[in-house]
Amino acid sequence: MKKDNNDKNNLMLNKKLSRRDMLRLAGVGGVGLLLGGGAIGSLLASDKKTTSNASTILSQDQDSIPFYGAHQAGIITPSQNFICFAAFDVITDNVSDIRKMFQKWTTASATMVSGSLIGNVNDNPNLPPSDTGEAAELSPSRCTITFGAGPSLFDARFGLQNKRPPSFQELPPFKADSLEPEWCGGDLCVQVCADDLQVAFHAIRNLARIARGTAVLRWTQEGFQRSTQADPKATTPRNLLGFKDGTANPNVTDSKLMNEVVWSQSVDGTAWMTGGSYMAVRRVRMRIEVWDRSTLKDQEDTFGRHRHSGAPLGSKDEFDSIKLDALDATTGKPVIPSNSHVALAHGDGSIQMLRRSYSYSSGLDLKTGQLDAGLLFISFQRDLQKQFIPIQQRLANNDKLNEYAVHKGSAVFACFPGTTEGGFIGETLFGGI
Amino acid sequence: MNLRYVVPASLLISSILFTGCAKNNAESALNTSNTSEAVATNATNTDPSTSTSSPDLQTAIDQYRTYVIEQCDLFVKETEKFTTAVKAGNLDEAKALYAPTRMYYERIEPIAEALGDLDPNIDARDGDVDPSEWRGFHHIEKSLWEVGTTKGEEAVADQLLKDAQLLRAKVETVDINASMLVTGAVELLNEVSSSKVTGEEERYSHTDLYDFAANVEGAAKIYELLKPELEKKDADLEKDIGERFASLLKELEPFKVNDGYISYEKLQEDQIRKLSQTLDALAEPLSNMGTILGV
Ligand code: HEM
């Protein structure tokens, strides 16, 4: 199956190969710049080793991530520099309109992540161009586009009630919530990540355009991380509170672990979600100004990790394991405070999730004159009830971080399994209707 | 009466050249029946679609011309009633006539906008033009609603009627072509999205929904006229546009009262957003009507 996918990817590449790709590939293979048509095929054949399907891990220098594959890209594929996240509401009454939109979305997405212009009306003077054009001649920038459905899609409007996965519902209220409706919910979501913000924005914009008449934007949030340029070694990125964020994430190259933690399985009982994953999104505003006047000790006690190294308190190395039972020799108290973020999030270590968050900065809170900045927390898991919810409950009740962070937005989405060329994202749900 | 002799050709040419820099599509496709050969040829060269209207499109163009003139006639007639009320000091009557009168203008706004200074003279809002040059509907609107009087607006009223009559005269000379129809329909909806749906058009009277409805009606008229051609070229697109006009009209329906519309101030935020998004949903396929023009 893997081989099959590779061939498909090559076929896709072959079709969409832009001039720029040719130069790049030629450079990689050390082939001369002047290639005849026949040479492209052999060039791609020699490139086969570096082409992989969306569900496997790509080396950092690969600029394009295949859209098609068993799983959607943008979940266990490496994080990019930027995110443009959008929640949509469906405005049609007709489920076949949704299906058509996903068909169009799929074709457009596969094209965009390959770095090509969408549609075929891009030079008729009498018509608006089918691609909005701002990403023309830009590299694919590891762009990934990931689609999901919110619980509200399964209400009475479309007759999809009995398709809702049993454990997939809106999140319950949590203790420290301060949610604002304009940052919550959505019938559908599109997560676009790319190493270039313009490339990412271009994708959201064109998908919103294609959706017009069928779905409308409900809320959007852009986010960023330190760039690969600023951190060529790609060490764990730091969030806006200055701490390394993502250290204890499960190993995405361990496919057995991914099947346990991230991917919905057929035994989970919802056939259309097999190979998909459930996403939790929380727009967490940081009380930046308050944090900035807290002491280093206070900051480290908040997370239970050292700021500089990222190591658990009392340890040296970022990746040292967390020992929650270690006691301080003089005070007799736990070295890692029991109300610290890591202590509560880790618990007994039996529950895991894959976090794929981005920082956000959205200007000022006009009321207070303070920064509206924080974390667009995103996690993927096989089951929200068993993973996200219990951990978030522990955090909401006791996390010392709640002094410095407040949850303003929230949504959950069932992210579809991947598809192959000719199929479309969402086909397992909308296909038979 | 032959109107070609009423408006000097030089005036028309210069107005076209001037508007050319501020606006784009409709104007570039616009030329008038009494412009010099040079200007006409120029326009044809820069826009390949202007000279190639098929016989079927010609019917639509002729029907549209009739529509524009009809609307213009009614506009002059109603403006006369409105300005008479202003001058007679009938505040309530003037207020009642204000929004319905403007609808005739709003239905054909892109045509008026293509005619030089007429649009600012008739329709400029406070701040759109130099204060010393500000006149027209919104000047009177401000006095009627904000100050609560017709006093002091007599001269503005006289001038408005003259401007309306001049529009009627100039409209006669506009050479409408297919590309102008297509861009005009989109422009009407763009008008709605940029000022009417935001409540910025009618700051004092809050009668924005009248303008909204009139702009949409103007665009719908063009669609209706182009429909037969569109059906031949792209039946799916034609159907799509038809359905989306229907849903926009459905969205407007609850805001109708008697012969008019409720005040913009009574709209809830979510209702405004819905109107705006429904409008965008229509404008997207509508902007592809140019497909009937060929490449
Ligand atoms: C502003 C909000 C948040 C910030 C700044 C934040 C930051 C951090 C940091 C710095 C770490 C330690 C390094 C690491 O392992 O990545 C961490 C760990 C973790 N966080 Fe958060 N986090 C936030 C919200 C959340 C939320 C809402 C959840 C889930 C409900 C969560 C779940 C976790 C988990 C599961 C770990 C790993 C614990 C372990 O096993 O060691 N975090 N977070």
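Naming: A, B, ... by sequence-line order, numbering from 1 per chain.
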Taking everything shown except Lys232(B) itself, do over 12 heavy atoms lie less than 6.0 Å from its NZ? yes

Between the CD atom in Glu243(B) and the CG atom in Asp97(A), the distance rounded to the nearest 0.5 Å is 8.0 Å

Reported CD-to-CD distance for the pair Glu182(A) and Glu269(B), which is rounded to 0.5 angstrom: 9.0 Å

In this structure, are over 12 heavy atoms from other groups packed under 6.0 Å from Asn120(A) atom CG? no

Got a second to check how far Arg212(A)'s CZ is from Thr278(B)'s OG1, nearest 0.5 Å? 12.5 Å

Is there side-chain contact between Val182(B) and Asn126(A), with heavy atoms separated by less than 4.5 Å? no

So if I apply the side-chain contact (heavy atoms from CB on, under 4.5 Å) rule between Gln277(B) and each of Ile91(A), Val216(A), Asp89(A), which one comes out positive? Val216(A)

Indicate the atoms forming the closest heavy-atom contact of Ser287(B) with Leu127(A), along with that distance. O-CD2, 4.2 Å

Ignoring hydrogens, what is the shortest heavy-atom contact between Glu284(B) and Arg209(A)? Give both atom names and the distance. OE2-NE, 2.6 Å

